[in-house]
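None of these values were measured; they are calculated from a predicted model.
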Amino acid sequence: MNVHVLYFAALKEKMNCSERTYDIEAGETVSALADKLVGFHDCLLFAVNDEVVESDYQLQDGDKLAFIPPMAGG
């Protein structure tokens, strides 16, 4: 299965890219994939195919997943 991952804000810098496609296992959740790729998931917002999803969402082949970290402003 392939999933296209988009990185925003500090994650974009950490991963040294804004997007990448990954081959994943069937039934992989967004939180498990986040743990593998960026090392955490507890403070991220997840969107799949432009819809906000819960951390236990099971990814499907061809999904577009966005990892959105918390942002500060002021």
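Qualifying side chain to side chain donor-acceptor pair (under 3.5 Å) partners for Ser55, counting only residues two or more places apart in sequence or in other chains: none. Taking the side chain to side chain contact (heavy atoms under 4.5 Å, CB included) definition, one finds that Ala9 meets it with Pro69, Met71, sequence neighbours left out. With sequence neighbours left out, the side chain to side chain donor-acceptor pair (under 3.5 Å) criterion links Tyr7 to Tyr22. In this view, Asp35 and His41 satisfy the side chain to side chain contact (heavy atoms under 4.5 Å, CB included) rule, not counting sequence neighbours. With sequence neighbours excluded, the residues forming a ring-ring contact (aromatic ring centres under 6.0 Å, His included) with Phe46 are Phe67, listed by chain and number.
Pairs passing the salt bridge (Lys or Arg N to Asp or Glu O under 4.0 Å) check and including a residue from residues 7-31, sequence neighbours excluded, read Glu28-Lys36. Applying the salt bridge (Lys or Arg N to Asp or Glu O under 4.0 Å) definition to pairs two or more places apart or across chains, those involving residues 49-70 are Asp50-Lys64.
No continuous path of ILVMFWY side-chain contacts below 4.5 Å connects Leu44 to Ile68, so the two sit in separate hydrophobic clusters. A continuous path of Ile, Leu, Val, Met, Phe, Trp and Tyr side chains, each step under 4.5 Å between heavy atoms, connects Phe40 with Met15, placing both in one hydrophobic cluster. Cluster annotation: Leu45 and Val5 are assigned to distinct hydrophobic clusters (Ile/Leu/Val/Met/Phe/Trp/Tyr, side-chain heavy-atom contacts under 4.5 Å, transitive). By the criterion of side-chain heavy atoms lying less than 4.5 angstrom apart, applied directly or through intervening Ile, Leu, Val, Met, Phe, Trp or Tyr residues, Ile24 is grouped together with Val53 in one hydrophobic cluster. Residues Val38 and Leu65 are members of one and the same hydrophobic cluster, defined by side-chain heavy-atom contacts under 4.5 angstrom among Ile, Leu, Val, Met, Phe, Trp and Tyr.
In this structure, CG on Leu59 lies 6.5 Å from CG on Leu33, to the nearest 0.5 angstrom.
The shortest non-hydrogen separation linking Gln60 to Gln58 is NE2-O, 3.4 Å.
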